[in-house]
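Below you'll find the structure, written out as structure tokens, and then a few comments.
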Amino acid sequence: MAKLESQPLSAEERAELEELRAEKARREAQEEARREREELAALRAERAKAEEAAANVAPRAPSPPPLAALRAERAKAEEAAANVAPRAPSPPPRSPRPPHLNLSLKRSLVPSPSSPSRAVTR
């Protein structure tokens, strides 16, 4: 088998090979043409549908803007008319006060029972 693979093709085999390659190329070209025709038909149908939809749509009046947008516009106009500067942002809330520590000095002023000034003399 290795002998057959290493030998060049005969004239008859080469002609058969070229014939098969040509047939394959023709089939591929036909398939490509078929796919392109299908794509063309689909695109034409899509375009016709879009044109029909555009023709059937009657021109409508534009919808009114949302109420919130109108209110915001009106507030801006009133503020501009009054020539009022925008309010400064309020300062951040203060942090809570630390708890009050009752550091009474009374205890330190009262002598302890073992102190000499409290000693009872007899």
Side-chain angles (χ1 to χ4, degrees):
M1 182 129 189
K3 274 186 173 181
L4 292 176
E5 290 177 7
S6 64
Q7 294 177 356
L9 294 176
S10 67
E12 186 179 307
E13 290 173 326
R14 182 154 305 278
E16 183 183 1
L17 177 64
E18 292 301 321
E19 183 183 328
L20 291 172
R21 283 181 178 166
E23 184 181 331
K24 180 181 177 183
R26 276 192 305 274
R27 279 183 289 167
E28 288 175 351
Q30 287 175 347
E31 181 63 24
E32 180 67 21
R34 184 191 62 76
R35 281 195 301 265
E36 287 178 346
R37 281 192 298 275
E38 286 177 356
E39 182 181 6
L40 179 61
L43 290 172
R44 283 178 177 164
E46 186 178 325
R47 181 178 58 190
K49 186 177 179 181
E51 288 173 353
E52 182 182 329
N56 289 341
V57 174
R60 295 187 306 161
S63 60
L67 188 58
L70 291 175
R71 286 182 179 154
E73 224 175 273
R74 182 177 177 189
K76 283 182 184 178
E78 288 175 355
E79 188 176 29
N83 200 11
V84 176
R87 289 183 15 186
S90 59
R94 292 176 50 182
S95 60
R97 251 188 183 159
H100 178 68
L101 299 177
N102 187 4
L103 299 177
S104 174
L105 296 177
K106 291 179 186 175
R107 269 198 112 89
S108 62
L109 296 178
V110 175
S112 66
S114 61
S115 74
S117 61
R118 290 279 251 180
V120 179
T121 54
R122 290 191 190 201

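FYI, the numbering just counts along the sequence from 1.
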Between the side chains of Arg27 and Glu31, is the shortest nitrogen-to-carboxylate-oxygen separation below 4.0 Å, so that they form an ion pair?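 Arg27 and Glu31: not salt-bridged.
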
Between Glu32 and Arg35, is there a salt bridge with N-O shorter than 4.0 Å?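 Salt bridge between Arg35 and Glu32, a charged N being under 4.0 Å from a carboxylate O: yes.
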
Within a radius of less than 6.0 Å around CZ of Arg71, do more than 12 heavy atoms belonging to other residues, nucleotides or ligands occur?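 No.
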
Inspect the surroundings of CD in Glu18 and state if more than 12 heavy atoms from other residues, nucleotides or ligands are less than 6.0 Å away.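 Counting neighbours around CD of Glu18, more than 12 heavy atoms of other residues, nucleotides or ligands fall under 6.0 Å, so yes.
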
Using only atom types and a distance under 3.5 Å, with no angle test, would you say the side chain of Glu13 pairs donor to acceptor with the backbone of Ser10?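 Confirmed, Glu13 side chain pairs with Ser10 backbone.
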
Take Arg34 and Glu38 through the salt bridge (Lys or Arg N to Asp or Glu O under 4.0 Å) test and state the conclusion after the steps. CA-CA 6 Å; Arg34 184 191 62 76; Glu38 286 177 356; 2.5 Å; yes

